[in-house]
Amino acid sequence: MIEATQDLASRRVRHEAVRRPVTVVGVEPVGANSLSVTFEGAALAGFTSLGFDDHCKFIFEDAGGEEAKRDFTPRRFDPHRNWLTLEFALHEGGAASEWAERALPGSAATIGGPKSSVVVPTGYAWHLLAGDPTAAPAIARRLEELPEGTRAIAILLDPAGSGDRLLSSRAEMDVRWTKEEGAFVKEIRSIKLPEGPGFVWCAGEAGLMAQLRNLFVTERQHPRSALRIAGYWKLGSAGVHETIESSVA
Ligand SMILES: Cc1cc2nc3c(=O)[nH]c(=O)nc-3n(C[C@H](O)[C@H](O)[C@H](O)COP(=O)(O)OP(=O)(O)OC[C@H]3O[C@@H](n4cnc5c(N)ncnc54)[C@H](O)[C@@H]3O)c2cc1C
């Protein structure tokens, strides 16, 4: 087991703001209701994403020909080929979601940022990762980055009900899939958290995340230095990002 004596403080690292023109090299399904889109471009040289929950601006032409911007998690970056992969959770009436469904090799877009990364140490005794399909790319990335000797509990809300996203980790992993919000919150409430210092990370629809904030901050009094909760979208509003709790300013 990793000792809890190492520095467990999160830190923010700032990056130069760069806009990078890219084109699609491949589109693949991830589970039943998401698409993995891989982009290439010489401008991706030097792309830096140090934190699993970083976001870049995906800048694209919407169906009406207007420029639109939405936040997406850098799921994977291959610095040898300058290939960046984003994963799009598909939903009705979303400009970015519709763009991903239309994307073909050669489709053009622009990637902005990440402007900064929050680095959360992996040396906690356990990590709780909870979220909906928009959080699944960050959760999958974190699970891949966690080392042996720590524990990861991942609770995913997957309304498509497929639960067939492949997740891998060197950490001891406990993955639970739920199909609707009530069951998702109930599952999180029911968890007996392991001993030792742990980090809680949650992202998804803003109203749902506000409920999780109440659970961890008000009810459980989890240390706020070991908590990050974010609204990745808001029912009825386009392109919303709300930081609800953050372990770092
Ligand atoms: C830091 C950060 C990282 C993110 N990473 C990812 C990621 O890796 N993958 C990903 O898919 N999303 C991610 N998101 C969420 C994504 O930015 C939003 O879902 C965004 O609104 C999608 O844009 P859109 O153009 O498809 O829909 P919009 O045009 O923004 O929204 C249209 C309508 O759809 C609703 N809506 C938006 N998103 C969803 C959804 N997922 N399900 C159901 N209804 C929705 C809106 O409330 C609105 O009513 C992230 C958000 C943040 C803040």
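Read the numbers this way: they start at 1 and go in the same order the structure lists the ligands and their atoms.
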Exercise. Hey, are Trp201 and Asp53 close enough side-chain-wise for a donor-acceptor pair under 3.5 Å?
Worked result: yes

Exercise. Should the heavy atoms of other residues, nucleotides or ligands under 6.0 Å from CD of Glu242 be counted, would the total exceed 12?
Worked result: yes

For this session: Please write down residue, atom name and distance for the protein heavy atom closest to atom 53 (C) of ligand 1.
Result: His241 CG, 3.2 Å

Problem set entry | Nearest neighbour in protein (non-hydrogen) for atom 36 (N) of ligand 1 | His91 CE1, 3.3 Å

Problem set entry | ligand 1 contact on Glu87 by region, counting heavy-atom pairs under 4.0 Å | backbone

Exercise. Which of the atoms in ligand 1, numbered in the order shown and given with their element, are less than 4.0 Å from a heavy-atom of Leu235?
Worked result: 47 (O)

For this session: Number the atoms of ligand 1 from 1 as they appear, then name those within less than 4.0 Å of a heavy atom of Ala89, with their elements.
Result: 10 (C), 11 (O)

Seminar exercise, completed: Tightest non-hydrogen contact, residues Leu44 and Phe39, listed as CD1-O, 3.8 Å

Exercise. Under 3.5 Å, N or O to N or O, is Ala95 touching ligand 1 that way?
Worked result: yes

For this session: Over 60° means perpendicular and under 30° means parallel, so classify the ring planes of Phe58 and Trp99, tilted if in between.
Result: perpendicular

Exercise. Rounded to the nearest 0.5 Å, how far does CE of Met209 lie from NZ of Lys234?
Worked result: 13.5 Å

Problem set entry | Any N/O pair Arg70/ligand 1 closer than 3.5 Å | yes

For this session: Considering non-hydrogen atoms only, spot the tightest contact between Ala226 and Gly198 and give its length.
Result: CB-O, 3.5 Å

Problem set entry | Subset of ligand 1 atoms that lie under 4.0 Å from at least one heavy atom of Gly236 | 47 (O), 49 (O)

Exercise. Side chain, backbone, both or neither: which part of Phe72 has a heavy atom under 4.0 Å from ligand 1?
Worked result: both

Seminar exercise, completed: Under 4.0 Å from one or more heavy atoms of Ala238, ligand 1 contributes atoms 28 (P), 29 (O), 30 (O), 31 (O)

Seminar exercise, completed: atom 21 (O) of ligand 1: closest protein heavy atom, distance to 0.1 Å, is Gly239 N, 3.7 Å

Seminar exercise, completed: Quick note on ligand 1: atoms under 4.0 Å from a heavy atom of Gly93 include exactly 32 (C)

Problem set entry | Asp132 versus Gly204, closest heavy-atom pair with distance | OD2-CA, 3.4 Å

Problem set entry | Lys234, portion touching ligand 1 at heavy-atom distance under 4.0 Å | backbone

For this session: For atom 18 (C) of ligand 1, grab the closest protein heavy atom and report residue, atom and distance to one decimal in Å.
Result: Tyr232 O, 3.7 Å

For this session: For the residue pair Arg75 and Thr85, confirm or rule out a side-chain donor-acceptor distance under 3.5 Å.
Result: no

Problem set entry | Between Ser246 and Arg228: side-chain donor-acceptor atoms closer than 3.5 Å | yes

Exercise. Counting each atom of ligand 1 from 1 as listed, which ones have a heavy atom of Ser237 under 4.0 Å away?
Worked result: 46 (C), 47 (O), 48 (C), 49 (O)

Exercise. So, Trp233 and Asp71: side-chain donor and acceptor under 3.5 Å apart, yes or no?
Worked result: no

Seminar exercise, completed: shortest atom 41 (N) of ligand 1-to-protein heavy-atom contact is with Thr134 CG2, 3.2 Å

Exercise. Looking at Ala96, which atoms of ligand 1 are within less than 4.0 Å of one of its heavy atoms?
Worked result: 23 (O), 24 (P), 25 (O), 26 (O)

For this session: Measure the spacing between CD1 of Ile229 and CD of Gln211 and express it to the nearest 0.5 Å.
Result: 11.5 Å

Seminar exercise, completed: Residue, atom and distance of the protein heavy atom nearest atom 19 (O) of ligand 1 read Trp233 CB, 3.7 Å

Exercise. Which word best sums up how the rings of Tyr232 and His241 line up, parallel for under 30°, tilted for 30 to 60°, or perpendicular for over 60°?
Worked result: perpendicular

For this session: Before signing off on this row, confirm whether Asp71 and ligand 1 have an N or O atom pair separated by under 3.5 Å.
Result: yes

Seminar exercise, completed: heavy-atom search around atom 5 (N) of ligand 1 in the protein gives Thr73 OG1, 2.9 Å

Exercise. What is the minimum heavy-atom distance between Ala210 and Ile244, and which atoms define it?
Worked result: N-CD1, 4.0 Å

Seminar exercise, completed: The atoms of ligand 1 lying under 4.0 Å from a heavy atom of Phe88, numbered in the order shown, are 11 (O)

